[in-house]
2 protein chains.
Amino acid sequence: MYDISIQKKMEEGTIKFYSYLKGSFIDFIEIAKGKNMTTKRELPACPVEITMMLISDKWKVLILRDLLNGTLRFSELRRSVGNVSQKVLTSNLRQMERDGLVHREVYPEVPPRVEYSLTEVGESLRPIIDAMKTWGNHYRNEHEF
Amino acid sequence: MYDISIQKKMEEGTIKFYSYLKGSFIDFIEIAKGKNMTTKRELPACPVEITMMLISDKWKVLILRDLLNGTLRFSELRRSVGNVSQKVLTSNLRQMERDGLVHREVYPEVPPRVEYSLTEVGESLRPIIDAMKTWGNHYRNEHEF
DNA sequence: CAGTATCCGGAGGGATACTG
DNA sequence: CAGTATCCCTCCGGATACTG
């Protein structure tokens, strides 16, 4: 289910950090279980780090920003997020799906249609995005010239 | 003052995105001026992207988290941030300094002492970090097992 | 349309050694 | 103590081609 190579790196004791910042949260939990560790201990003590674990990736915040306005198809999301390749967008969406932030609904039609929306957990990130929006606006006003 | 290599890449027309997500904000402005562009146009229209521009980097949020509690010396910051190399921490701090988020105070002593603190602009990011803290705590409570 | 598969360059991070 | 200076190499992300 999860990437063996990551587990390998975990076992080598070098990749806790990798998993923390770059890997999937679910992966992280599963691996911890495999090692018979209390998963709770594996959660970063700092809540800020927990949040970073899930949305520090390059495009995830922008994906959230756009999905907070409602469900979007893959191609719509790609356009609204900006200059991102399919591969990278897909990869980010898959991680967010596994992390429980995004819901992926496939409609078996021709041509296929896939709609992305936020789960409740994903929705609950709205205050963070809002804070960023507020700050960004404030910052721009101060740097207007 | 700013990295020529980045400017070079800008001129090659491939690096607007790089500068946006990975480079320094100040670099971005300077380069825009050099190209006789209205810098305002160069600012992302979306306030969320402006924010991302400044703190999307791996360690910057953690640096903010720690400096929000007060001034820290380099070594103290290194310890409190976690597993980060000198090179990377220095690099992040230099960027944040140029972006106007962090103040660097050098005391000409032996051994040398360098203290880092937040500027007013850096301080103003507190609501975002707080939102992350709140969300992370909430998330952990829901995933307690 | 919404992907997967593959290749590839280079940014960026770790490790180590050195210095004012 | 708080950094630079190198070396080295992972691996992220872009481009392209292909498919159900």
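Each chain gets a letter, A, B and so on, in the order its sequence line appears, and its residues count up from 1.
In terms of phosphate contacts, B/S85 brings a side-chain nitrogen or oxygen within less than 4.0 Å of OP1 or OP2 of C/dG14. Contact check, B/S75 against D/dA2: a side-chain N or O comes under 4.0 Å of OP1 or OP2. Taking only side-chain nitrogens and oxygens, A/Y116 never comes nearer than 4.0 Å to OP1 or OP2 of C/dC1. Contact annotation: A/R73 reaches the phosphate of C/dA2 (side-chain N/O to OP1 or OP2, under 4.0 Å). OP1 or OP2 of C/dT4 has at least one side-chain nitrogen or oxygen of A/R94 nearer than 4.0 Å.
If you measure from atom CG of B/N92 to atom P of D/dA2, you get 17 Å, rounded to the nearest angstrom. C/dG12 atom C1' lies 15 Å from atom CG of A/D57, rounded to whole Å. Rounded to a whole Å, the CD atom of A/Q95 is 14 Å from the P atom of D/dC11. A straight line from CG of A/N83 to P of D/dA15 spans 7 Å, rounded to a whole angstrom. Put simply, CG on A/L93 is 15 Å from C1' on D/dG13, counting in whole angstrom units. Atom CG of B/L89 and atom P of C/dG13 are 12 Å apart (whole Å). Atom pair B/L72:CG and D/dG3:P shows a separation of 13 Å (rounding to whole Å applied). Taking atom CH2 on B/W59 and atom P on C/dG12, their separation rounds to 15 Å, with Å as the unit.
The listed nucleotides are D/dG13, C/dG13, D/dT4; the one nearest the side chain of B/V88 is C/dG13.
For the salt bridge (charged side-chain N to carboxylate O under 4.0 Å, His left out) test, residues two or more places apart in sequence or in another chain that qualify with A/E109 are A/R113. With sequence neighbours excluded, the residues that form a side-chain contact (heavy atoms from CB on, under 4.5 Å) with A/V106 are A/R104, A/V114. Among residues two or more places apart in sequence or in another chain, the side-chain contact (heavy atoms from CB on, under 4.5 Å) test is passed with B/T71 by B/E115, B/S117. Under the side-chain contact (heavy atoms from CB on, under 4.5 Å) criterion, A/S91 pairs with A/Q95, not counting sequence neighbours. With sequence neighbours excluded, the residues forming a salt bridge (charged side-chain N to carboxylate O under 4.0 Å, His left out) with A/R126 are A/E123, listed by chain and number.
Note: A/Y116 OH to A/L67 CG = 10.0 Å, rounded to the nearest 0.5 Å. To the nearest 0.5 angstrom, B/I129 atom CD1 is 5.0 Å from B/L64 atom CG.
Looking at heavy atoms from C-beta onward, B/L93 lies out of side-chain contact with B/T90 at the 4.5 angstrom threshold.
Heavy-atom distances under 4.0 Å link DNA chain C to A/R104, A/P111 of residues 103-111 of chain A, given in residue order.
Counting distance only, with no hydrogens placed and no angle test, the side-chain atoms of B/K87 and the base atoms of C/dG14 include a donor-acceptor pair under 3.5 Å.
Every pair passing salt bridge (Lys or Arg N to Asp or Glu O under 4.0 Å) that includes a residue from residues 65-88 of chain B is listed here, sequence neighbours excluded: A/E49-B/R65. Within the structure, the ring-ring contact (aromatic ring centres under 6.0 Å, His included) test picks out no pair touching residues 65-104 of chain B (sequence neighbours left out).
Comparing A/Q86 and B/P112 by the nucleotide of DNA chain D that holds the closest heavy atom to each, the one mapping nearer the 5' end is B/P112.
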Per-residue pairing states of DNA chain C in dot-bracket (Watson-Crick or G-U under 3.5 Å; . unpaired, | other strand) read ||||||||||||||||||||
